[in-house]
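These notes concern the structure reproduced below.
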Amino acid sequence: METKEHKFHQETGFPWKHVIGLLLSLVLTAIAFWLALATHQPPAVVITIIVVLGFGQLLVQLYMFMHFTESDDRAWQVPTIYFALFIAFTVVGGSIWIMSFRSIVS
Amino acid sequence: MNGFANWAVHFFMLDEGPLIWLSDFLIGCATIGIIVALTYFKLWKWLWDNWLTTVDHKKIGIMYLVAAVLMLFRGGTDGLLMRAQLSWPNLHFLNADHYDQIFTTHGTIMILFMAMPAIIGFFNVAVPLQIGCRDVAFPYLNAISFWLFFAAALLFNLSFVVGGSPDGGWTSYPPYVENAFDPGPGENYFLVALQITGIGTIATGVNFLLTILRMRAPGMTMMRLPMFTWSVFITSIIIVFAFPVLTVALALLLIDRDFGSHFFTVTGGGMPMQYINLFWIWGHPEVYIVILPAFGIFSEVVSTFSHKRLFGYSAMVVSMIAIAILSFIVWVHHFFTMGAGPGVNSFFGVSTMAIAIPTGVKIFNWLFTMHKGRVEFTSAMLWAVGFIPNFLIGGLTGVMLAVPPADYQYHNSYFLIAHFHYVLIGGTVFGVFAAIYYWWPKMFGVLLDEKLGRWHFWTFMIGFNICFFPQFFLGFMGMQRRMYTYPAGYGWGIINLISTVGAVLMGVGFLIFVWNVLWSARFGQRDTTGDPWDGRSLEWATTSPAPEYNFAIIPTIKGRDAWWLMKKTGESINGPKGVPFRPIHMPNNSGRPIIMSLFFFIAGAGFIFQWWILAIIGLLGVLVTMAQRSFEYHDHHYIPVEEIEKTEAAAGRL
Ligand code: HEM
Ligand SMILES: [Cu+2]
């Protein structure tokens, strides 16, 4: 179904990258669960560590599964990444800003 | 045994009275009827080979559309039931519980199982043809998207007769929907069905994003894309960024309900408002997901039937990009009354009003496209022209709602109800009807009747205004949404009665449409040219319906309104004469998407009724079907040159 000659990315050999990525993301998830359920650190510590783990997840996804560095089409990739960052910032920052009303009320 | 019988009676809701019995009876009749008809006419194999296993975007588009029209019927029936109940004070046609269930299924079905498949159906019908390619980027994934939507819709509709419908509104706000207040499978139906169709929708977003980025014919630069394709491109981006938030919100709520966590409960340290926050981070972009493609449709229709190129192409594109970005920073306007403080409310009030600017730009562009054009009022064009004033009313009342102090008055009153029906019906539904009249010949090779089309438009449009305009006043008079009845003496009765009359008229309009479809299938004018409207974009360069491979030779594009240019210069869609055909590479049909979604259905039922064995079986099935796909090497075939020659000769393009 190709209309233009695309450079299709062909994997050769055993997909190590994917296997390692899968293991890493499982481990990162497990640590988060363990922190929340089985340890008794103060919430601020737990949340901070989970945020860091979350960033780790993000990098694993981008590099191991999404072949972030292998695209031949930077013209679209760069703005898309910026837009994604903008959305992530809006959703996270905005939610914190909006939901901090709890402290006003209480 | 007695225990089991009691359970079964309750499970199948036979203790719920005649409405359910009637539905059971009708569903039974329809199912048996379909099975008997398929068997009698020996159509099973035809159905399986041509439709159920297809990966052809044109057929998938048609299936989306059929499903959407069926869902419009179901949702519309819900609506009429609600209007009947509200038509006069103190009626007890429906009791409070049933009323709650019906407004919930109405809203959910209309947005997620009617509007979404309708617009996604037209993505499929038009986009690959408009950009001059042979299918979407991932045809197999496309089939999965459709069947996931279909399984979810089936599951959701089943709630009416099995186990009980959800009753927490289409927004499903906790704490009410937590187990403590709302036990039973109802709300789980909502959560699981949306989750399943959401996966399909994200896949659709990815698919069309890549299709438009990667599959355009040579010379089809981004700034030469037909406006509908542009709108699909922007919509896909919004889908990809907004739907994951819904996935998270629904998953957390389902974990609360199924496994007893406390994300959103009041007791146990949960934060119900956080769900509402997450829901609308998705929810507002969602309303733009269903309106932007309609904008795209109107752009195509207005320019085709004004026989002029679209006025202000770049301005249209820029305003759609602006709308896409703004749509992500306005969500708080749905819960100003949470009381997040003046800073938050003012920011989101102002950002909401800002959306009116790019929207206004687009309205002016359509008007200027018609200005001095040779305007032809076909049915499709009627919907497009009717859209402008109706959507304007919706947009302006939206700006009124965007003023936080005022919204404390309007919020959740019938004023709000009227607002969003003006934008959703006046915008999205009008857009879908415009697209139906416009692309019907491309889909089926036959035109819908114009006279019936006009009747359809006028009854529906007038009925719509009679139904919803009075609701602005009901809102001012203090009538709240989601109340199942009201006392006499507020002066609401007569206004509600008028509104109900309008709703019935809309129902009549829908019936005229159905009649039009049936009548035209039999007696309608056949579209032999493939270009009945003197169209401008590439889909009109193909036969109606287009051949399996769309274009025998991929055309080279020299400008905007590509087909119009070709007609002007007398070029053929197959390029200069004598260019030889080459075998065409096409994806194979596959039964796996429908089987995989069957497993999703089974897993979904497991999560709804907390039958974990069923859930595990379903999920395993999903994994196995996915794994099988990884080992499939022969997933394509070639259409031989002789066959292409035969098809092209029959189309008179040789
Ligand atoms: C100029 C553009 C628009 C503005 C300024 C606007 C503003 C608003 C505001 C402020 C609300 C919340 C009111 C309240 O809950 O008290 C609202 C609700 C709503 N709007 Fe709009 N809107 C606009 C366009 C649209 C469009 C294009 C659609 C869909 C096609 C839409 C669909 C909805 C829906 C479905 C709701 C109600 C959701 C619910 O509570 O169930 N709006 N709008
Ligand atoms: Cu909104």
Side-chain angles (χ1 to χ4, degrees), chain A residues 1-11 14-15 18-19 22 29 32-33 36-37 42-43 46-47 50 54 57-58 61-62 65-67 71-106, chain B residues 55 128 131-139 209-211 213-218 220 222 237-238 240-242 244-245 248 269 271 273-274 276-278 280-282 285 321 324-325 328-332 335 338-345 347-348 549-551 554-555 584-587 636:
Chain A
M1 307 256 332
E2 52 278 56
T3 44
K4 289 174 270 179
E5 358 43 83
H6 293 315
K7 275 187 273 165
F8 279 114
H9 182 77
Q10 281 289 341
E11 290 280 352
F14 191 75
H18 294 87
V19 175
L22 176 68
T29 313
F33 258 101
L37 296 178
V46 175
I47 291 173
I50 290 185
Q57 281 287 5
L58 189 84
Q61 296 289 325
L62 283 178
F65 298 123
M66 298 190 182
H67 307 276
S71 171
D72 55 349
D73 198 354
R74 300 199 65 78
W76 283 102
Q77 198 170 16
V78 174
T80 317
I81 296 282
Y82 280 128
F83 190 62
L85 287 176
F86 162 73
I87 300 287
F89 176 79
T90 320
V91 169
V92 177
S95 296
I96 292 173
W97 185 37
I98 294 159
M99 296 307 292
S100 61
F101 86 104
R102 269 202 352 159
S103 46
I104 304 173
V105 175
S106 56
Chain B
V55 292
I131 63 174
C133 70
R134 297 202 166 117
D135 207 325
V136 293
F138 307 114
L209 198 60
L210 276 155
T211 305
L213 278 180
R214 298 299 236 155
M215 312 279 289
R216 281 170 283 131
M220 177 68 87
M222 287 306 275
I237 296 178
I238 307 183
V240 170
F241 286 104
V245 185
V248 170
M271 228 174 162
M273 286 313 299
Q274 184 66 282
I276 297 173
N277 178 54
L278 290 175
W280 288 112
I281 291 177
W282 162 78
I321 295 174
I325 294 172
F328 279 98
I329 53 172
V330 298
W331 74 92
V332 174
F335 50 99
M338 178 178 84
V344 173
N345 278 4
F347 174 86
F348 284 94
Y549 48 75
N550 295 354
F551 301 94
I554 298 295
I584 295 175
H585 178 209
M586 295 301 284
H636 58 265

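All chains are named by letter (A, B, ...) in the order of the sequence lines, taking the proteins before the strands, and each is independently numbered beginning at 1.
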query = Quick one: does I98(A)'s side chain get under 4.5 Å of M338(B)'s, heavy atoms only?
reply = yes
ask   = ring pair (Phe, Tyr, Trp, His ring centres under 6.0 Å) with F347(B): which residues, sequence neighbours excluded?
value = W97(A)
request  = Kindly indicate, with the supporting measurements, whether the criterion side chain to side chain contact (heavy atoms under 4.5 Å, CB included) is fulfilled by V91(A) and W282(B).
outcome  = CA-CA 10 Å; V91(A) 169; W282(B) 162 78; over 6 Å; no
inquiry  = Quick check for you: to the nearest 0.5 Å, what is the distance between M273(B) atom CE and M99(A) atom CE?
reply    = 6.0 Å
inquiry  = For M222(B), which atoms come within 4.5 Å of any heavy atom of chain A: side chain, backbone, both, or neither?
reply    = side chain
Residue part contacting chain B, namely of A84(A), when any heavy atom lies under 4.5 Å = both
Steps toward ring pair (Phe, Tyr, Trp, His ring centres under 6.0 Å) verdict (F328(B), F86(A)) = CA-CA 10 Å; F328(B) 279 98; F86(A) 162 73; 7.6 Å; no
key: side chain to side chain donor-acceptor pair (under 3.5 Å) pairs, two or more places apart, involving residues 78-89 of chain A   = none
note = So, the part of V344(B) with a heavy atom under 4.5 Å from chain A: the answer is both
remark   = The interface call for Y549(B) against chain A, heavy-atom contacts under 4.5 Å, is neither
Atom group of L278(B) that falls short of 4.5 Å from chain A, counting heavy atoms = neither
inquiry  = To the nearest 0.5 Å, what is the distance between CH2 on W331(B) and OG1 on T90(A)?
reply    = 6.5 Å
